[in-house]
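Worth knowing before you read on, the calculation uses all heavy atoms, side chains too, and leaves out hydrogens, waters and symmetry mates. Since the model is a prediction, treat every value here as computed from it, not as a measurement. When a residue number appears, it is its place in the shown sequence, counting from 1.
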Amino acid sequence: DGQDPDYFYSDSIPLTIGELRKNIKDYEQKKVAFEGLVSRVAGQTAYVEDYDYEDEQMYGMSVYMGYTAYPFIKKGNICRIIGTVSYYEGGGTYQVSGLTYMEFRPDYKYNSKLISEGHDVIPTEITADQLANGNNILSTNVQMNNLEVIDVYTTKNGESAGAMTLTCRTTDNKNVSVRTEVIYKDANQTVKLAEADVLNKIINVNGIVDYYDGSYQVKVFTM
């Protein structure tokens, strides 16, 4: 039929993650299409990012998958995502949701799909100032090193019981917040990371920039 199989023939709006992130309110409740590297999959959410060479920075977007299985959305894969931009009240941030994947209709115009796989996922090293002004790096995969843990709060109840919020001091004497999921120290998931394991220690963290209660933090998922 003469159509390019790699081009969108749909009414979704093709754009880069950077364009979406910088103008996110303009796309609320609109169907968008972008490509990016999956930096992490955590529960029902995937984090997809793309480097903007004009701005010389990485931009990220959280993609809510719900209970649907998308076998190609895996860490290290570059994917084409088509979904609807929505505001997530629980987190105070925007996400892309409502993805479609029809395995036996690969040319369906709203299909999200795999572009390529097996790419290295390299976190972006950031400073405390970059995290404090974190809107542009929200949902990106980042690294912070040599953080001194000066305070720990552990969630006591609910599904997040055992998760911790760490107040950390950087080498240039600025405070940053690190939020952990419930982290286990052993493969059998029997021994949880405890306050004594981190308090007054020097740690390196690799996680996703998240927004909570009016400020930005690094969310860490694994040991």
Side-chain angles (χ1 to χ4, degrees), residues 3-21 23-50 58-121 123 138-142 158-161 163 179-184 189 206-212 219-222:
Q3 290 187 337
D4 181 350
D6 294 323
Y7 186 78
F8 287 116
Y9 295 96
S10 74
D11 57 1
S12 57
I13 303 169
L15 75 179
T16 67
I17 296 178
E19 290 168 337
L20 177 57
R21 173 58 66 196
N23 305 282
I24 191 74
K25 292 182 180 179
D26 295 341
Y27 296 101
E28 188 170 356
Q29 296 305 314
K30 294 180 180 178
K31 191 178 288 291
V32 297
F34 57 84
E35 293 181 9
L37 173 69
V38 180
S39 66
R40 187 177 299 274
V41 176
Q44 297 169 323
T45 300
Y47 296 93
V48 182
E49 61 185 26
D50 181 51
M58 192 75 79
Y59 289 99
M61 181 56 57
S62 61
V63 177
Y64 180 70
M65 301 178 292
Y67 294 99
T68 304
Y70 300 94
F72 54 91
I73 300 182
K74 295 180 180 179
K75 181 178 180 179
N77 287 358
I78 293 177
C79 297
R80 177 171 289 157
I81 302 294
I82 303 179
T84 301
V85 178
S86 59
Y87 184 73
Y88 173 49
E89 293 282 354
T93 57
Y94 287 89
Q95 62 185 13
V96 172
S97 59
L99 278 62
T100 301
Y101 172 60
M102 295 188 179
E103 182 179 2
F104 300 107
R105 291 183 61 190
D107 297 325
Y108 178 60
K109 65 180 180 178
Y110 293 129
N111 262 5
S112 295
K113 68 177 185 178
L114 175 70
I115 301 298
S116 58
E117 55 190 343
H119 299 272
D120 292 331
V121 176
L138 197 61
S139 299
T140 58
N141 179 37
V142 300
E159 293 182 1
S160 298
R179 175 68 175 176
T180 76
E181 293 278 89
V182 178
I183 292 179
Y184 291 91
Q189 295 195 341
N206 170 213
I208 298 293
V209 176
D210 193 24
Y211 182 77
Y212 177 74
K219 190 170 185 180
V220 175
F221 299 88
T222 62

Atom pair CD/OG of E181 and S160 - distance to nearest 0.5 Å: 7.0 Å
Atom pair CG (D120) and NZ (K75), whose distance is rounded to the nearest 0.5 Å: 10.0 Å
Qualifying residues under ring-ring contact (aromatic ring centres under 6.0 Å, His included), relative to F72, sequence neighbours excluded: Y101
Worked check of side-chain contact (heavy atoms from CB on, under 4.5 Å) between M65 and I73: CA-CA 9 Å; M65 301 178 292; I73 300 182; 3.9 Å; yes
Reported CG-to-CG distance for the pair L20 and D50, which is rounded to 0.5 angstrom: 11.0 Å
Y94: ring-ring contact (aromatic ring centres under 6.0 Å, His included) partners, not counting sequence neighbours: Y87
Side chain R21, main chain G60, donor-acceptor under 3.5 Å: yes
Those residues that, when tested against E19, pass salt bridge (charged side-chain N to carboxylate O under 4.0 Å, His left out) (two or more places apart): none
V85 versus I24, closest heavy-atom pair with distance: CG1-CD1, 3.9 Å
Residue pair N206 / R40: nearest heavy atoms and the distance that separates them: OD1-NH2, 3.6 Å
For the student: nearest non-hydrogen atoms of K31 and G98, plus distance: NZ-O, 4.5 Å
side-chain contact (heavy atoms from CB on, under 4.5 Å) evaluation trace for E35 with C79: CA-CA 6 Å; E35 293 181 9; C79 297; over 6 Å; no
Under 3.5 Å: donor-acceptor pair, side chain of Y64, backbone of Y88: no
Shortest non-hydrogen contact from G36 toward I17: CA-CD1, 4.2 Å
Minimum side-chain heavy-atom gap F34-V63 below 4.5 Å: yes
Exercise: identify the closest heavy-atom pair between E117 and N77: CB-OD1, 2.9 Å
Trace of the side-chain contact (heavy atoms from CB on, under 4.5 Å) decision for N141 with Y47: CA-CA 8 Å; N141 179 37; Y47 296 93; over 6 Å; no
Set of residues satisfying ring-ring contact (aromatic ring centres under 6.0 Å, His included) with respect to Y108, sequence neighbours excluded: Y110
Heavy-atom side-chain contact between S62 and D210 under 4.5 Å: no
Residues in side chain to side chain donor-acceptor pair (under 3.5 Å) contact with Y59, at least two apart in sequence or another chain: D55
side-chain contact (heavy atoms from CB on, under 4.5 Å) evaluation trace for V38 with K74: CA-CA 6 Å; V38 180; K74 295 180 180 179; 5.9 Å; no
Least distance between heavy atoms, R105 atom then N111 atom: O-ND2, 2.9 Å
Partners meeting ring-ring contact (aromatic ring centres under 6.0 Å, His included) with F221 (sequence neighbours left out): none
